[in-house]
Amino acid sequence: MKLSWKIFSNTFLVVLFALTLEGVVLLSMTFHKAYLLEVEREKENIENIHRELVTLLANDSSALYKEPTKSIGEAIDILKDNWYEESYRISDESGKVLFQNDDAGFLDKECGELSLYRIVYRVDKNAKGYILQMSVLTELLGQPIKIEVHKDLTQIFMEKAEQQRIFIITVIIVGAISALINAVNVIKLTKPIHKLIHAVKKIRSGDYTERVEYKEKDEVGILASDFNGMAEQLEEKIRLLKETAKKQEELAGSLAHEIRTPLTAMIGYADLIKRSKMEEQDFLYAVNYIISEGKRLEALSNRMMQLLIEKNAIPNYTISTVQNLLEDALEAMKPVFDKKRIAVKRSSIDFPIRADMELMKNVLLNILDNGGKAAGVNGEITIETGCKSGNVWITITDNGVGMPKEEISKIREAFYRVDKSRSRADGGAGLGLAICSNIMNIHKGEMLFESEVGKGTTVTLIWKGSIDEQDI
């Protein structure tokens, strides 16, 4: 059974049950009240008849010298005009009727077990309707006398039947209206749920852009809002997975290309050595080329391993100064810069820093190497340092060729090269900045780039590495 039918049926049954219960209780109370009122009236009537007979016989001195039955009959004749509106019967102990209204239609059944001065009554149904018959056994002049009255209650029962008929019609009408209102509310309530089901099916089929529009602030609105948030996160994660898969494909393609080029040359030279007699100079050239390309493949393998290892590495923090870090990196780059006559200008500000010095030196070497390649012969590199709010920053600027702004977002990707021909000629495979980016990430830092074609590139390293002088 669908949720909408469950809500509709349960709500409708509750309303119907409550309405029926209330009606039954109200009708029962109304009928019972009217019934008891008639019973009390008849009790009062039978008590009045008994009282008037007792009073009259007590005041009649002649009753002492007459037969008790005759005296009772005379008293009834005197008082019967007072009871013309009542239906009554008076009989003696043997059942002989002493007096009865002409129109009285008494039932032959006894109302119940009679005892002295105890009023009993019963209600029976005959061809004329419902009859209330009431009896009392009393003593008049020492003689047992039974006084009976009866009342037609057909009107009360007819009113009850009419009220029940009206009640049933009312229940049907109110039930129909309630069912209609309930159906509208159920449709309104379950509509966003159907939207959620539709959205789930769309997302399951691959459309991660599907959302549920529901502006109410109730529980369903909270559910819809949470669902939309979940869908947004799912869409973002799927997008990232697709991007990661695409990057992995590109990485595999780039790696295959980087390996295929030197392998092809190495196989070609090896096959040439195998198949032909070569002069010593050509032989040495081929051997040297094979060795050179083999070393290049070895370096590529090492860089790939470094990229994988440093992505999840835990930094080995040590304390030094920013100038010591720069001097170590510049000392390693001195032969390259001297060969190209590259001038280095650096800030003299010195302060203690905290970092994995070996990894951070690797970052500086990569950036300085890229800056030297971009600046070229007689180029210039400027290094500035500083710290602020606990953050250390190092800025390295070259006056090289620069790069287009659209290339900046891609240069951290593995194997990506802005100038592919120059990078291959210089022995690079496009892995350096990807490794540097990983190193900065594990330092909870970042690496920022600014560049303009023809004016050069600025790289800024920022990480939480500033410490007080006393910590050295």
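Reckoned from all heavy atoms, side chains included, excluding hydrogens, waters and symmetry mates. All of these numbers come straight from a predicted model, not from anything done at the bench.
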Given side-chain contact (heavy atoms from CB on, under 4.5 Å), test Ile90 with Val97 step by step and report yes or no.
CA-CA 6 Å; Ile90 300 175; Val97 177; over 6 Å; no

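- Proximity of Asp124 to Tyr130: side-chain heavy atoms (C-beta onward) are nowhere separated by under 4.5 Å.
- Considering only heavy atoms from C-beta on, His50 stays 4.5 Å or farther from Val136 through its side chain.
- Listed here is the closest heavy atom pair of Ile349 and Gln323: O-NE2, 2.7 Å.
- The CH2 atom of Trp393 sits 14.0 Å away from atom CD of Glu446, with the distance rounded to the nearest 0.5 Å.
- Thr170 OG1 to Gln163 CD: the interatomic distance, rounded to the nearest 0.5 Å, is 11.0 Å.
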Should Met134 and Lys43 be marked as a side-chain contact (heavy atoms from CB on, under 4.5 Å) after you check the CA-CA gap, both sets of side-chain angles, and the distance that decides it?
CA-CA 8 Å; Met134 187 175 292; Lys43 282 184 178 181; 3.6 Å; yes

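- At least one side-chain heavy atom of Thr209 sits less than 4.5 Å from a side-chain heavy atom of Glu235.
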Derivation of the side-chain contact (heavy atoms from CB on, under 4.5 Å) call for Val54 and Leu140
CA-CA 7 Å; Val54 170; Leu140 295 176; 3.6 Å; yes

Decide yes or no on salt bridge (Lys or Arg N to Asp or Glu O under 4.0 Å) for Glu358 and Lys361, but give the supporting numbers first.
CA-CA 5 Å; Glu358 289 299 322; Lys361 178 181 176 181; 5.4 Å; no

Carefully, step by step, assess Asn228 and Ser225 under the rule side chain to side chain donor-acceptor pair (under 3.5 Å).
CA-CA 5 Å; Asn228 289 337; Ser225 177; over 6 Å; no

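- We find the CD-CD1 distance between Glu243 and Ile238 to be 12.0 Å, quoted to the nearest 0.5 Å.
- A 6.0 Å sphere centred on CE of Met230 holds more than 12 heavy atoms belonging to other residues, nucleotides or ligands.
- The CD1 atom of Ile396 sits 4.5 Å away from the CG atom of Leu368 when rounded to the nearest 0.5 Å.
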side-chain contact (heavy atoms from CB on, under 4.5 Å), that's the test. Do Leu326 and Ile383 meet it? Break it down for me.
CA-CA 9 Å; Leu326 290 176; Ile383 303 175; 3.9 Å; yes

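- For Leu461 against Met447, the heavy-atom pair with the smallest separation is CD2-CG, 3.7 Å.
- Here CD of Gln133 is found 11.5 Å from CG of Leu153. Values are rounded to the nearest 0.5 Å.
- For the pair Leu196/Leu223, a side-chain contact is recorded, criterion being any heavy-atom separation below 4.5 Å from C-beta on.
- Here the straight-line distance linking atom CD1 of Ile145 with atom CG of Asp92 works out to 6.0 Å at 0.5 Å rounding.
- For the pair Thr385/Phe351, a side-chain contact is recorded, criterion being any heavy-atom separation below 4.5 Å from C-beta on.
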Distance-only check: which donor-acceptor pairs under 3.5 Å involve side-chain atoms of residues 19-37, not counting sequence neighbours?
from, atom 1, to, atom 2, distance (Å)
Thr20, OG1, Leu16, O, 2.7
Ser28, OG, Val24, O, 2.8
Thr30, OG1, Leu26, O, 2.8

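- Remark: Glu38 engages Arg41 in a salt bridge, criterion side-chain N to carboxylate O under 4.0 Å.
- The shortest non-hydrogen separation linking Leu132 to Glu42 is CD2-CG, 3.8 Å.
- Residue Trp463 comes nearest to His443 through the heavy atom pair CB-O, 4.0 Å, listed as atom of the first residue, atom of the second, then distance.
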I'd like a table of donor-acceptor pairs (distance under 3.5 Å, sequence neighbours excluded) in which one partner is a side-chain atom from residues 197-205, with atom names and distances.
from, atom 1, to, atom 2, distance (Å)
Ser205, OG, Lys201, O, 3.3
Ser205, OG, Lys202, O, 2.6

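- Across all non-hydrogen atoms, the minimal contact from Ala355 to Met360 is CB-CE, 4.2 Å.
- Remark: side-chain polar atoms of Asn441 are paired, donor with acceptor, to backbone N or O of Ser437 under 3.5 angstrom.
- Asn391 and Ser389 are not linked by any side-chain donor-acceptor pair at a separation below 3.5 angstrom, with hydrogens and angles left out of the test.
- For Tyr117, the OH atom counts as densely surrounded, since its 6.0 Å shell holds more than 12 non-hydrogen atoms of other residues, nucleotides or ligands.
- No side-chain heavy atom of Ser91 sits under 4.5 Å from any side-chain heavy atom of Lys96.
- A heavy-atom distance below 4.5 Å is not found between the side chains of Cys436 and Asn362.
- More than 12 non-hydrogen atoms from other residues, nucleotides or ligands lie less than 6.0 angstrom from CD of Glu52.
- Looking at every heavy atom in both residues, Val322 comes nearest to Ile394 through CG2-CD1, 4.0 Å.
- Thr318 is not listed as a side-chain neighbour of Asp356, based on a closest heavy-atom distance of 4.5 Å or more.
- Looking at residues two or more places apart in sequence or on another chain, you find a side-chain contact (heavy atoms from CB on, under 4.5 Å) between Lys191 and Lys195.
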With ring pair (Phe, Tyr, Trp, His ring centres under 6.0 Å) as the criterion, how do Tyr88 and His150 come out once you've worked through the C-alpha distance, each side chain's angles and the decisive distance to 0.1 Å?
CA-CA 7 Å; Tyr88 65 93; His150 85 138; over 10 Å; no

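- With hydrogens and angles disregarded, a donor-acceptor distance shorter than 3.5 Å links the side chain of Ser451 to the backbone of Met403.
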